[in-house]
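First comes the structure, then the notes that go with it.
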Amino acid sequence: MKITLNRINDDFLFECTNAQGNSILLDNTSQPGAKGVSPMESVLMAVAGCSGIDVVSILKKQRQEITNFKAEVEGERIPVDDAKPFKSIKVKFLLEGNIDPKKALKASELSFDKYCSVSKTLEPTVEIGYEVFVNGEKV
């Protein structure tokens, strides 16, 4: 796996591109007019995307009918020397459709306990938690 990062303005705007040519913009969001996401926001996005792919994949294999899938991710940061790494990350899955709530919860458990490489990478130093809601009801 390899990505390429290219600076695309005179400040802090970067384009990150993968081997297939897909890209995202990273920027210093503390500056006015930022045109991309911060690197730390991209970490939260990676957790959401990785676990989201797992959950949807597992539920599709179980023939669950997902009409809407959303994840909200919040990260708490702490100062460590001059850096501010994540102390904890909380993921909230919001699913709608003809979905067995127990299967949605199990799919989420499997993602974080077994499959999500992003959360597994962060797990040694970051506390990761999650909640699952199906059709507005917490599971």
Side-chain angles (χ1 to χ4, degrees):
M1 180 181 299
K2 178 181 175 182
I3 66 103
T4 303
L5 179 138
N6 287 307
R7 185 174 177 210
I8 60 174
N9 72 3
D10 291 336
D11 286 318
F12 308 103
L13 184 61
F14 298 96
E15 180 179 43
C16 295
T17 306
N18 69 4
Q20 291 80 28
N22 300 309
S23 63
I24 63 168
L25 296 178
L26 297 178
D27 206 345
N28 180 349
T29 57
S30 67
Q31 302 294 311
K35 293 184 173 39
V37 299
S38 76
M40 292 302 280
E41 289 169 333
S42 74
V43 171
L44 297 180
M45 291 176 177
V47 170
C50 184
S51 59
I53 288 169
D54 291 341
V55 171
V56 169
S57 175
I58 292 165
L59 291 175
K60 284 181 78 149
K61 287 176 184 171
Q62 297 175 340
R63 303 191 199 292
Q64 301 298 292
E65 296 174 27
I66 306 167
T67 57
N68 194 23
F69 180 93
K70 185 176 179 181
E72 296 174 357
V73 185
E74 292 185 38
E76 180 185 353
R77 297 171 71 181
I78 55 168
V80 175
D81 299 322
D82 291 331
K84 289 195 301 190
F86 286 114
K87 173 186 176 185
S88 64
I89 294 174
K90 180 130 187 200
V91 180
K92 184 179 193 181
F93 291 123
L94 305 156
L95 296 94
E96 294 179 11
N98 188 10
I99 303 164
D100 180 335
K102 289 178 184 172
K103 289 183 178 184
L105 183 61
K106 183 64 176 174
S108 301
E109 288 172 2
L110 284 169
S111 175
F112 289 105
D113 291 345
K114 188 172 182 181
Y115 297 119
C116 179
S117 298
V118 176
S119 66
K120 287 295 193 190
T121 299
L122 299 171
E123 198 174 73
T125 58
V126 181
E127 178 185 325
I128 300 177
Y130 60 92
E131 295 179 300
V132 179
F133 292 79
V134 175
N135 298 318
E137 299 290 322
K138 185 174 179 179
V139 181

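Model, not experiment: these values are computed from the prediction. Residues take their numbers from the sequence shown, with the count starting at 1.
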Are V56 and V132 joined in one hydrophobic group, where the rule is that I, L, V, M, F, W and Y side chains link up if heavy atoms are under 4.5 Å apart? yes
Once rounded to the nearest 0.5 Å, what's the spacing between atom CD of E131 and atom CD of E72? 10.0 Å
Report yes or no: does S111 contribute a side-chain atom to a donor-acceptor pair with the main-chain N or O of S108 at less than 3.5 Å? no
Identify the two heavy atoms, one from G36 and one from L13, that lie closest to each other, and give their separation to 0.1 Å. N-CD1, 4.1 Å
Find the distance between CD (E123) and SG (C116) and round it off to the nearest 0.5 Å. 9.5 Å
Side-chain donor or acceptor of Q64 paired with backbone N/O of D100 under 3.5 Å: yes
Are V47 and Y115 in one and the same hydrophobic cluster, where Ile, Leu, Val, Met, Phe, Trp and Tyr link if side-chain heavy atoms are under 4.5 Å apart? no
Interatomic distance, E74 atom CD to K92 atom NZ [nearest 0.5 angstrom]: 8.5 Å
Between N22 and Q20, is any side-chain donor less than 3.5 angstrom from a side-chain acceptor? no
Specify the closest pair of heavy atoms between L25 and K35, including all atoms of both residues, with the distance to one decimal. CD1-O, 3.6 Å
Single-linkage hydrophobic cluster L105~F93, side-chain heavy atoms < 4.5 angstrom: yes
Any donor and acceptor pair, going by atom type alone, linking the side chain of R7 with main-chain N or O of N9 inside 3.5 Å? yes
E41 side chain reached by T29 side chain, heavy atoms, under 4.5 Å: yes
Could you check if a side-chain atom of V43 sits within less than 4.5 angstrom of a side-chain atom of L122, using non-hydrogen atoms only? yes
Parallel, tilted or perpendicular: which describes the rings of F112 and Y130, with under 30° parallel and over 60° perpendicular? parallel
Min side-chain heavy-atom separation L26-V37 under 4.5 Å: yes
CD (E127) with more than 12 external heavy atoms under 6.0 Å: no
Distance check, rounded to the nearest 0.5 Å: F14 atom CZ versus N28 atom CG? 9.5 Å
With a 6.0 Å cut-off (strictly less than), is the heavy-atom count around NZ of K70, excluding the residue itself, greater than 12? no
Quick check: does any side chain N or O of D27 sit under 3.5 Å from a backbone N or O of A34, one acting as donor and the other as acceptor? no
Expected output: side-chain N68 to main-chain E96 donor-acceptor under 3.5 Å: no
For I99 and A104, work out which heavy atoms get closest and say how close. CG2-CB, 4.0 Å
ILVMFWY cluster membership beyond I53 - transitive side-chain contacts under 4.5 angstrom: none
Scanning both residues in full, the closest heavy-atom pair of I89 with V73 reads CG2-CG1, 3.6 Å
Side-chain contact test, heavy atoms from C-beta onward, threshold under 4.5 Å: evaluate it for T125 versus P85 and give yes or no. no
Could you measure the distance from the CD atom of E15 to the CD1 atom of I3? Nearest 0.5 Å is fine. 10.5 Å
Strictly distance-based, threshold 3.5 Å: is any side-chain N or O of T17 a donor or acceptor partner for the main-chain N or O of S23? no
Distance from K103 atom NZ to L110 atom CG, nearest 0.5 Å? 12.5 Å
Without swapping roles, check the side chain of N98 against the backbone of I66 for a donor-acceptor pair under 3.5 Å. no
Could you tell me whether a side-chain N or O of K87 sits under 3.5 Å from a main-chain N or O of G75, the two making a donor and an acceptor? no
Please say yes or no: joined through hydrophobic side-chain contacts below 4.5 Å, possibly via intermediate residues, are L94 and L44 part of one cluster? no
Is there a path from V91 to V134 through hydrophobic residues (I, L, V, M, F, W, Y) whose side chains come within less than 4.5 Å of each other? yes
Side chains of L59 and L95: closer than 4.5 Å at any heavy-atom pair? yes
